[in-house]
Each structure stands twice: as structure tokens, then as C-alpha cells.
Student: 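Below is the structure I would like to discuss, written out as C-alpha cells.
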Amino acid sequence: MHFDQRTQQALREAGLSTEEIGAASERVVEATAETAEAIEDFFDGLDTVHSDMDIAHSASDVVEHDVEYVDLYTHADDLRGYLKFDGWGVYVEGGRILTDETVELSLGPTVHDRVRFTTDPDAL
């Protein structure tokens with residue numbers, strides 16, 4: 001089961017049965033996998049995306065990136081992977097779909113920030 005012991009106890013105290021808690025846990029796992037697939041679909045086929053990533057020595061609030069690939073995997077409610085740009089890459093430690101044109105990723109070492117990526121720079 002996905003939920004830790006404290007969460008399971010709180011859900012039981014809220015009136016959920018063991019079967020209902022198990023079903024909720026499975027739905028969390030499914031939703032995480034669906035989100036990972038949607039994020040990969042967002043980047044699939046895109047050559048260039050724009051982001052609000054804070055880049056040293058950049059005069060612009062919007063940064064353009066050439067995307068090579070994104071490779072995500074899930075485990076329970078964890079969404080992780082790697083986003084490869086032209087010449088560098090970064091670990092992905094979470095993410096969500098904001099709109100059809102924009103996703104937000106939690107990026108790991110070297111960036112350590114939540115960054116929005118979009119096909120429309122005006123959306124940032």
C-alpha cells in the first residue's frame with residue numbers, strides 16, 4: 001500500500017475501510033503514472049520550449065531551451081527522471097500539468113527549483 005502508517009490510520013479514523021484505502025492508494029499510483037505520461041507527451045516532438053528558469057547571466061525572464069528528450073519513471077506517488085537539453089540535462093523530481101501548453105517540473109541538483117515549461121513564451 002502506498003500510504004504510510006499514520007496516513008492509513010487517519011483515513012481509517014475518517015471512516016474509510018481497508019478496501020477503500022487500498023483503492024485510494026491505487027488511484028494515487030495511477031494518477032502519478034498518468035501525469036508522467038502526459039508530461040512526456042508534452043515534450044515529445046518539441047524542438048524548443050520556453051521556461052521561467054533562473055539562469056545566471058541571463059537578462060531575460062524567459063529562457064529558450066532545445067529539448068533532446070525527457071525520460072520519466074514512477075514509483076507509487078514519486079515521479080522522477082531526466083530532462084535532456086542541447087548540451088546539458090537535469091534530474092526531474094516531480095511535476096504536474098498546468099495547461100495544454102504548460103507543465104511545471106521540480107528539478108533537482110544544479111537547478112533545485114520548480115520551473116514552468118511552455119510552448120508559448122507569453123504564457124509565462
Side-chain angles (χ1 to χ4, degrees):
M1 180 167 307
H2 156 70
F3 299 118
D4 65 38
Q5 293 298 319
R6 284 187 297 271
T7 303
Q8 289 179 44
Q9 182 61 36
L11 292 170
R12 278 192 288 281
E13 290 171 4
L16 273 68
S17 69
T18 300
E19 293 79 22
E20 291 169 325
I21 294 170
S25 178
E26 286 302 313
R27 184 61 195 124
V28 168
V29 171
E30 290 169 8
T32 303
E34 290 167 2
T35 298
E37 184 176 336
I39 291 170
E40 286 181 336
D41 288 347
F42 171 83
F43 284 101
D44 188 38
L46 290 178
D47 292 327
T48 302
V49 294
H50 308 276
S51 81
D52 62 356
M53 188 182 301
D54 187 18
I55 300 286
H57 310 293
S58 176
S60 176
D61 290 337
V62 177
V63 181
E64 188 173 282
H65 306 276
D66 294 330
V67 177
E68 287 190 23
Y69 66 86
V70 64
D71 182 24
L72 302 176
Y73 65 92
T74 64
H75 176 60
D77 70 338
D78 284 338
L79 185 154
R80 297 189 181 268
Y82 197 75
L83 176 57
K84 178 76 167 81
F85 301 112
D86 181 32
W88 69 286
V90 64
Y91 290 105
V92 176
E93 298 180 342
R96 63 187 179 144
I97 301 294
L98 299 177
T99 69
D100 288 342
E101 300 165 341
T102 307
V103 300
E104 181 181 71
L105 301 178
S106 295
L107 302 178
T110 71
V111 177
H112 293 291
D113 202 1
R114 293 172 72 166
V115 178
R116 291 180 296 157
F117 294 92
T118 185
T119 57
D120 177 12
D122 293 332
L124 298 173

Student: Determine, stepwise, if the pair Phe117 / Phe42 fulfils ring-ring contact (aromatic ring centres under 6.0 Å, His included).
Tutor: CA-CA 10 Å; Phe117 294 92; Phe42 171 83; 8.0 Å; no
Student: Heavy atoms, side chains only, cut-off 4.5 Å: are Val111 and Met53 in contact?
Tutor: yes
Student: Kindly work out whether a path of hydrophobic side-chain contacts (I/L/V/M/F/W/Y, heavy atoms less than 4.5 Å apart) joins Val92 to Leu46.
Tutor: yes
Student: OH of Tyr91: more than 12 outside heavy atoms within 6.0 angstrom?
Tutor: no
Student: Could you check Gln9 against Glu13 for side chain to side chain donor-acceptor pair (under 3.5 Å), going step by step and ending with a plain yes or no?
Tutor: CA-CA 6 Å; Gln9 182 61 36; Glu13 290 171 4; 3.0 Å; yes
Student: Between Glu93 and Arg114, does at least one N-O distance fall below 4.0 Å, as a salt bridge requires?
Tutor: no
Student: If you apply the rule side chain to side chain donor-acceptor pair (under 3.5 Å), what do you find for Thr32 with Asp77, and how did you get there?
Tutor: CA-CA 6 Å; Thr32 303; Asp77 70 338; over 6 Å; no
Student: Evaluate the side-chain contact (heavy atoms from CB on, under 4.5 Å) criterion for residues Val115 and Asp52: first the C-alpha distance (whole Å), next the side-chain angles of each, then the deciding distance (0.1 Å), finally the verdict.
Tutor: CA-CA 6 Å; Val115 178; Asp52 62 356; 3.5 Å; yes
Student: How long is the gap from CG on Asp61 to CG on Leu124, to the nearest 0.5 Å?
Tutor: 9.5 Å
Student: Tyr82, Trp88: one ILVMFWY side-chain cluster at the under-4.5 Å cut-off?
Tutor: no
Student: Verify the neighbour count for atom CD of Glu68: are there more than 12 heavy atoms of other residues, nucleotides or ligands below 6.0 Å?
Tutor: yes
Student: Are Val29 and Ile39 joined in one hydrophobic group, where the rule is that I, L, V, M, F, W and Y side chains link up if heavy atoms are under 4.5 Å apart?
Tutor: no
Student: Evaluate Leu79 against Leu72 for side-chain contact (heavy atoms from CB on, under 4.5 Å), listing each step before the verdict.
Tutor: CA-CA 7 Å; Leu79 185 154; Leu72 302 176; 4.0 Å; yes
Student: Do the side chain of Thr7 and the main chain of Phe3 share a donor and acceptor less than 3.5 angstrom apart?
Tutor: no
Student: Which value, rounded to the nearest 0.5 Å, describes the distance between Thr18 atom OG1 and Gln8 atom CD?
Tutor: 8.0 Å
Student: Find out whether Phe85 and Asp66 are in side-chain contact, i.e. whether some heavy atom of one side chain is under 4.5 Å from a heavy atom of the other.
Tutor: no
Student: Can you measure from CD (Glu37) to CG (Asp41) and round to the nearest 0.5 angstrom?
Tutor: 5.5 Å
Student: To the nearest 0.5 Å, tell me how far His50 NE2 sits from Thr118 OG1.
Tutor: 7.5 Å
Student: What's the spacing between Asp47 CG and Glu64 CD if we round to 0.5 Å?
Tutor: 10.5 Å
Student: Go through Arg116 and Val103 one step at a time and tell me if the side-chain contact (heavy atoms from CB on, under 4.5 Å) criterion holds.
Tutor: CA-CA 6 Å; Arg116 291 180 296 157; Val103 300; over 6 Å; no
Student: When you look at His65 and Ser51, which way does the side chain to side chain donor-acceptor pair (under 3.5 Å) test go after all the steps?
Tutor: CA-CA 8 Å; His65 306 276; Ser51 81; 2.7 Å; yes
Student: Same cluster for Val90 and Tyr69 if Ile/Leu/Val/Met/Phe/Trp/Tyr side chains link at under 4.5 Å?
Tutor: no
Student: Under the criterion side-chain contact (heavy atoms from CB on, under 4.5 Å), I'd like the reasoning laid out for Glu20 against Leu11: C-alpha separation, chi angles, the key distance, then a yes or no.
Tutor: CA-CA 9 Å; Glu20 291 169 325; Leu11 292 170; over 6 Å; no
Student: For a quick test of reading the model, state the closest non-hydrogen atom pair linking Thr74 to Ala33 and the distance between them.
Tutor: CG2-CA, 4.1 Å
Student: Find the distance between CG (Asp120) and OG1 (Thr102) and round it off to the nearest 0.5 Å.
Tutor: 7.5 Å
Student: Counting only heavy atoms from other residues, nucleotides and ligands, does the tally under 6.0 Å from CG of Asp4 exceed 12?
Tutor: yes
